[in-house]
Amino acid sequence: MARIVMKFGGTSMAGSERIRRVANIVRRQQAAGHEVAVVVSAMAGETDRLVNFCREANALYDPAEYDVVVSSGEQVTSGLLALTLQSMGCKARSWLGWQLPMKTVEAHAKARVDEIDSEALIAAMQSGQIAVIPGFQGVSDENRITTMGRGGSDTSAVAIAAAVKADRCDIYTDVDGVYTTDPRIVAKARKLKYVTYEEMLELASVGAKVLQTRSVSLAMKENVRVQVLSSFIDENAPLADEIPGTMIVSDDEMEELHMERQLVTGIAHDRNEARIVLTRVPDKPGAVSSVFGPLAEASINVDMIIQNVGRDKGETDVTFTVPQADLARAQALLEDKRDAIGFNRIITDAHVAKVSVVGVGMKSHAGVAATMFKALAERGINVQAISTSEIKVSVLIDEDEVELAVRVLHTAYGLDRVDDTVA
Ligand code: ASP
Ligand code: MG
């Protein structure tokens, strides 16, 4: 017997028929002798719809009231799933964020889980009741409803799994696992049987949208076993216990599995980048701080940074990227500080994208970046900026060349599927 937290995303919960399919998966998992809790998202598209209502009601909406509105999508699906399970003869009830309670801290609309009282939940699960929990929502110190940022149900599920000390947290979604790259771009992309927390963290943060990044860091910190798998399966599909999806494991576990490690595990891309160049910034101490300080204060995330070698007159160009959604704000802010910073021109380009290769294998191997640059150069793809971490190399390129770059790199690192086996 195991204790399992199951999480179902928006596409899996979109409509009565799909909820019935979900209920069936849950029922079978419990019938196999396990204690289960289920965390659900709102129906696909519902949260967007609710966000729009808030905008229409008041452009400068109060985040506390926004949370009241947008958290309701999950309240609906948790009640519906409990009802559907009951119709199948299962014992089930919903547990809303404030009823658990799931205590959160920090700002509305981007709250973080602080602590979860799991005693009642565990008792319910042990008594054979299926606990259905709306993802995304919590309750603040002031006893008000909070939400945990878009995609936050993944984080709710991992937090619940940590709190009840679950043996596994199964994240059911509309894809059957984590792939070496986006299968819509590369037909020969392979499903990964295992991926490490670190790799998943990098992949999630550079645009592989399977899991909310925060859920992966929480899983890593709390050592929660997470599996990503599909809810679009038929009645007789094998249970999740057989690990049909992608299991996220620690570095040590990966070692023990003796998997043949590729240098690169996956390739991700992100079109939501924009590039800013400031020309003729004074080449003196404090100059870059006067550029990036104000951006940080405005909570604008700067990603890649290049400072060119100084020109003769003690000036230099500074190039960096920000999320496309923040470009206008960043530009206005910098224009505002033009005199204080002392740059000449500001040049922006939203038509750029970031392509990243990720793999723990590169910790111990040289030449990963060189392979990347060579493969891109052979196809005439120009690299505009570069950033690296211990297990990742990212390049900024023209947005039109993204798909070509992903395909070329997938082949260059030997990731193309040769037969039907998974990695
Ligand atoms: N419903 C929320 C969203 O769309 C949370 C989630 O689905 O994870 O962002
Ligand atoms: Mg999601």
Side-chain angles (χ1 to χ4, degrees), residues 5-15 18-19 21-22 25-26 37-55 61 63-82 94-98 100 102 104 106-113 116 132-140 145-162 169-175 178 200-201 203-205 207-219 224 226-232 245 248 272 323 325:
V5 173
M6 309 169 76
K7 183 262 170 179
F8 293 88
T11 19
S12 310
M13 297 300 292
R18 291 189 182 178
I19 293 178
R21 187 195 343 234
V22 165
I25 297 172
V26 174
V38 192
V39 175
V40 295
S41 282
M43 294 190 198
E46 180 63 9
T47 309
D48 287 338
R49 198 175 74 94
L50 296 168
V51 170
N52 262 328
F53 278 130
C54 292
R55 290 205 181 110
Y61 52 74
E65 297 304 342
Y66 162 95
D67 280 348
V68 171
V69 176
V70 299
S71 63
S72 66
E74 273 76 5
Q75 174 156 340
V76 171
T77 47
S78 60
L80 288 175
L81 180 58
S94 60
W95 296 80
L96 302 183
W98 61 270
L100 281 169
M102 160 99 77
T104 63
E106 288 174 39
H108 278 282
K110 47 178 182 235
R112 284 175 182 270
V113 181
I116 301 172
V132 186
I133 299 150
F136 191 43
Q137 61 168 253
V139 60
S140 73
I145 291 180
T146 55
T147 63
M148 305 198 285
R150 297 306 305 269
S153 294
D154 295 332
T155 304
S156 308
V158 171
I160 297 276
C169 180
D170 288 335
I171 310 259
Y172 288 84
T173 169
D174 51 359
V175 292
V178 179
M200 196 59 225
L201 202 53
L203 288 170
S205 69
K209 292 174 200 66
V210 198
L211 292 174
Q212 195 195 36
T213 312
R214 212 189 259 181
S215 71
V216 185
S217 40
L218 187 63
V224 175
V226 175
Q227 175 177 210
V228 176
L229 70 176
S230 174
S231 71
F232 291 84
I248 306 178
N272 297 316

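Order of listing sets the numbers, starting from 1, for every ligand and every atom in it. Nothing fancy with the numbering, it's 1 onward along the sequence.
- With ligand atoms numbered from 1 in the order given, ligand 1 contributes 3 (C), 4 (O), 9 (O) to contacts under 4.0 Å with heavy atoms of Arg150.
- Among residues two or more places apart in sequence or in another chain, the side-chain contact (heavy atoms from CB on, under 4.5 Å) test is passed with Ile145 by Ser71.
- You'll find the side chain of Leu96 reaches within 4.5 Å of the side chain of Gln137, heavy atoms only.
- Residue contact annotation: Gly152 has a non-hydrogen atom under 4.0 Å from ligand 1.
- Residue contact check for ligand 1: Gly151 places a non-hydrogen atom closer than 4.0 Å to it.
- By the 4.0 Å N-to-carboxylate-O rule, Asp170 lies too far from Lys7 to be salt-bridged with it.
- Residue contacts with ligand 1 for Gln212 are absent, since no atom lies close enough (heavy atoms, distance under 4.0 Å).
- Close contacts between ligand 1 and Ser41 involve ligand atoms 6 (C), 7 (O), 8 (O) [criterion: under 4.0 Å to a heavy atom].
- Among Met43, Met148, Glu74, the residue whose heavy atom lies closest to atom 1 (N) of ligand 1 is Glu74.
- Each of the atoms 5 (C), 6 (C), 7 (O), 8 (O) of ligand 1 lies under 4.0 Å from some heavy atom of Ser153.
- Heavy-atom contacts of Thr47 reach the following atoms of ligand 1: 1 (N), 2 (C), 3 (C), 4 (O) (cutoff under 4.0 Å).
- Here Asp67 pairs with nothing under the salt bridge (charged side-chain N to carboxylate O under 4.0 Å, His left out) rule; sequence neighbours left out.
- Taking 4.5 Å as the limit, some side-chain heavy atom of Leu211 sits within range of a side-chain heavy atom of Ile171.
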In sequence, state the C-alpha distance, the side-chain angles, and the governing distance for Val39 and Val5, and then conclude on side-chain contact (heavy atoms from CB on, under 4.5 Å).
CA-CA 7 Å; Val39 175; Val5 173; 4.1 Å; yes
